[in-house]
Amino acid sequence: MPPHRARPALLAAAAAVAGLLLAGLPATVSQAADQQSCRPDGLYQTPGVDVPYCTVYDTAGREKMGADHQRRVIGYFTGWRTGKDGTPAYLASDIPWDKVTHLNYAFAHIDKSNRISVGADGPANAATGMTWPGVTGAEMDPAFPYQGHFNLLNKFKKQHPNVRTLISVGGWAETGGYFDDSGTRVGSGGFYSMATNADGSVNQAGIDTFADSAVDFVRKYGFNGVDIDYEYPTTMKDAGNPLDWSLSNARRAGLVKGYAALMKTLRERLDRAGAADGRHYLLSVAAPSSGYLLRGMETFQVQKYLDYVNIMSYDLHGAWNEYVGPNASLFDDGKDAELAAAGVYTTSQYGGIGYLNADWAYHYFRGSMPAGRINIGLPYYTRGFKNVTGGTDGLWGRAPSTSCPAGSGLTKCGDGATGIDNLWHDLDTSGKEAPAGSNPMWHAKNLEKGVVGDYVTRYGFPADTRLTGTYARRYDATLVAPWLWNAEKKVFLSTEDEQSVNAKADYVVDHGIGGTMVWELAGDYGWNAAKGQYEPGSTLTSAMYEKFKSASPYGAKRSAIDLPTEALKIDVDFGQFPLGDSNYPISPKLRITNNTAVTLPGGTEFRFDYATSAPGNAKDQSGWGTSVIRSDHTGSNVGGLKGDYHRVSLKLPAWQTLAPGASVELDFVYYLPVSTPSNWTVTFGGRTYALAGDLARGTTVVDPGTATPTPAPTPTPTPTPTPTPGGSCTAAAWSATAEYGGGSTVSHKAHTWKAKWWTKGEEPGTTGEWGVWQDLGAC
């Protein structure tokens with residue numbers, strides 16, 4: 001999450017109070033005969049626990065969110081916009097409840113005893129004690145033994161029972177500490193010390209304490225699950241909040257293992273609680289999108305424990321360095337100044353792939369998860385610079401500064417926009433405005449319109465404030481990124497608006513993605529005609545709702561090929577990664593362990609998929625003949641990656657056998673980050689099997705001596721509404737040699753087909769449910 005999260009003392013979030021399970025929640029569903037029929041593809045299940053998946057998921061493993069919610073719209077609701085400090089409030093009554101599917105309350109923290117907390121109870125506690133007398137819609141529900149935001153969230157959930165709420169823990173400011181009741185930040189260690197000991201080992205005792213307290217918390221306050229916003233469990237030095245570096249840098253080598261242990265423990269505790277309570281509890285994370293941070297997170301081994309991942313596909317450019325670019329572009333354009341300066345476009349091993357965009361981040365996670373278990377993030381706030389030189393209307397220009405915010409840890413940074421161009425700013429550790437160009441989108445819309453809103457006095461500006469220069473809107477269709485450019489002030493503010501949000505929503509639908517996540521709901525806008533100004537509203541959230549309400553169901557299957565239905569207990573693991581700053585090229589060891597009762601002979605072939613977030617040039621350095629046998633994307637990623645996977649083949653050397661219980665390692669090399677490779681098969685003795693560790697739906701673990709593998713059935717996709725047959729095909733016939741852009745239509749084998757993105761040589765009808773060609777029906 002972005003760093004504008006420090007909360008003043010008055011708004012320090014809240015405490016544990018006596019409570020009871022939430023009245024008015026949807027009725028508990030009795031255990032289904034086969035809860036496995038509802039388990040999402042690839043989701044880990046706690047051994048020995050009958051998890052009630054069918055209370056949340058349907059028999060295809062898709063989340064049930066209501067008839068008009070085919071994709072998720074997840075909004076972060078922050079606890080500190082209470083209005084008590086004079087700035088505009090954003091309360092539960094302001095949420096567009098009929099447009100969202102999930103709400104993440106930001107934030108709870110980890111206290112000194114490693115327990116989840118929202119601070120000490122009392123009337124100043126925004127989460128559980130505060131009230132808003134006289135505010136319509138903010139009347140407390142007497143059914144609950146607590147007040148504050150938690151009371152109001154649960155009051156509205158009674159009216160909107162399909163909306164699920166999660167408690168989000170951490171955030172930029174509270175990953176390595178927390179704000180006490182006086183508003184002072186306590187550098188307690190937070191996630192860093194709770195999950196990882198000083199020597200880099202896993203702190204299982206701290207993890208157990210936290211996980212048990214999290215279960216108690218969701219039961220007490222009526223949440224549907226837990227969202228972990230740990231920024232960041234990466235081995236890259238000086239990542240995350242500079243205030244935490246003294247703790248985090250010393251533990252870098254153990255952070256990834258601690259993170260994995262934390263998520264596994266949380267999954268198991270929530271599964272057990274869910275079985276006892278008759279409802280499935282959700283677990284999600286806010287995940288980084290930057291290829292730099294992800295390089296130090298190995299293969300992001302925690303995705304199997306998550307119901308879904310929310311990608312923080314924003315904060316891709318900002319005043320932490322001098323390169324002026326979009327906050328949250330959807331695609332790369334091959335011109336990113338930061339990447340160009342780092343040689344990304346000219347280093348041949350990278351394949352020209354730019355990794356600071358949402359499409360790249362989505363494909364990173366798609367390598368290990370079904371599209372439907374991924375949500376892309378959108379910012380309802382701006383990032384911006386002043387004194388910009390070069391670029392096109394500021395885009396890809398530079399704005400260097402050596403006067404960096406106190407406590408930032410930076411000696412060289414960008415010249416962030418200030419004043420009226422920085423309404424939602426944080427304060428640095430000296431109490432001064434931190435330059436960042438951070439504004440709610442409703443304020444940015446007023447700047448674009450040349451309006452000084454009547455709210456500016458509540459942020460400390462004079463009533464007679466006048467704007468300097470004109471904030472001209474610009475838009476780059478390749479990037480899918482709007483911005484405001486003030487030529488007189490040389491100010492660049494990266495924005496979002498209906499055009500970009502609609503394009504991103506179309507991308508979500510076309511790729512079968514689970515939905516979107518928003519930081520934060522309070523930044524959305526609406527037009528107040530009576531006042532002639534933009535104010536907090538729901539324009540962008542409503543736009544996504546309209547795009548998603550009649551969309552086809554999201555992609556629930558991870559593999560693009562039919563996997564065998566029988567699986568073997570052969571474990572595969574990418575490990576022993578060098579620390580992030582030394583991990584180029586990315587060079588883990590691949591360890592294969594035979595947990596079956598038979599010896600694998602020489603020549604045994606393994607195949608797996610890895611994400612197109614890295615180019616198709618992975619190799620081994622151990623003589624196993626690793627080769628990429630299929631690539632869904634080649635070349636640069638300007639305008640988006642064209643497919644999801646590279647498929648790899650490697651074989652045990654002819655002289656190498658692998659006895660039961662034995663392991664073998666090989667040195668592996670690739671050049672951009674990928675999440676955990678998936679869709680494994682192993683072939684020997686004329687038979688092909690899946691691997692149990694993939695957790696694929698519909699597979700059964702077998703003894704290879706007795707199994708007779710059969711192909712897994714292909715789920716029948718939900719049909720796309722078809723046009724009325726016209727008796728003949730009107731679109732031009734598909735040609736194997738022609739190039740087709742996104743939106744092009746062709747006819748082929750008596751059907752009309754629409755291209756979702758650029759393609760050449762891919763035959764309609766052969767690319768699968770989530771491939772490039774969409775079947776529009778018979779013609």
salt_bridge([X], [Y]) N-O dist < 4.0 Å:
{"X": "Arg383", "Y": "Asp315", "result": "yes"}
{"X": "Arg558", "Y": "Asp694", "result": "yes"}
{"X": "Lys99", "Y": "Glu546", "result": "no"}
{"X": "Asp609", "Y": "Arg647", "result": "yes"}
{"X": "Arg474", "Y": "Asp476", "result": "no"}

| task | Test Ile74 against Val518 for side chain to side chain contact (heavy atoms under 4.5 Å, CB included), laying out the working first. | result | CA-CA 6 Å; Ile74 301 170; Val518 169; over 6 Å; no
| said: Cation-pi check for Trp527 against Lys445: NZ or CZ below 6.0 Å from the six-membered ring centre and within 45 degrees of the axis, yes or no? | reply: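 Here Lys445 fails the 6.0 Å and 45° test against Trp527.
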| task | Cation-pi check, Arg164 to Trp97: give yes when NZ or CZ is under 6.0 Å from the six-membered ring centre and within 45° of the ring axis, no otherwise. | result |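 Judged by the rule, Arg164 and Trp97 form no cation-pi pair.
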Pair [X] and [Y], ring centroids less than 6.0 Å apart:
{"X": "Tyr507", "Y": "His511", "answer": "yes"}
{"X": "Tyr308", "Y": "His102", "answer": "yes"}
{"X": "Tyr350", "Y": "Tyr345", "answer": "no"}
{"X": "His317", "Y": "Trp396", "answer": "yes"}
{"X": "Trp483", "Y": "Phe492", "answer": "yes"}

| said: Working to the nearest 0.5 angstrom, can you tell me the gap between Ser438 OG and His443 NE2? | reply: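 Those atoms lie 10.5 Å apart.
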| said: As an exercise, state the distance from CG of Leu479 to CG of Leu395, rounded to the nearest 0.5 Å. | reply: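 The CG atom of Leu479 sits 6.0 Å away from the CG atom of Leu395.
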Is there side-chain contact between [X] and [Y], with at least one heavy-atom pair below 4.5 Å?
{"X": "Tyr534", "Y": "Val451", "answer": "no"}
{"X": "Tyr610", "Y": "Tyr645", "answer": "no"}
{"X": "Tyr525", "Y": "Asp497", "answer": "yes"}
{"X": "Asp359", "Y": "Leu641", "answer": "yes"}

| Could you go step by step and tell me if Lys557 and Asp41 meet the salt bridge (Lys or Arg N to Asp or Glu O under 4.0 Å) rule? | CA-CA 6 Å; Lys557 184 180 177 184; Asp41 194 15; over 6 Å; no
| Other residues, nucleotides, ligands: >12 heavy atoms within 6.0 Å of Lys749 NZ |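 No, NZ of Lys749 has 12 or fewer neighbouring heavy atoms, counting only those of other groups under 6.0 Å.
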| request: Please test Tyr76 against Asn104 for side chain to side chain contact (heavy atoms under 4.5 Å, CB included), starting from the C-alpha separation and ending with a verdict. | output: CA-CA 5 Å; Tyr76 274 88; Asn104 290 350; 3.3 Å; yes
Check: [Y] main-chain N/O paired with [X] side-chain donor or acceptor under 3.5 Å:
{"X": "Tyr545", "Y": "Lys549", "value": "no"}
{"X": "Ser329", "Y": "Asn357", "value": "no"}
{"X": "Arg697", "Y": "Arg39", "value": "yes"}
{"X": "Ser613", "Y": "Pro673", "value": "yes"}

| query | If you measure only the distance, is there a donor-acceptor pair under 3.5 Å linking the side chains of Thr612 and His363? | reply |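 Side-chain D/A pair, Thr612 to His363: absent.
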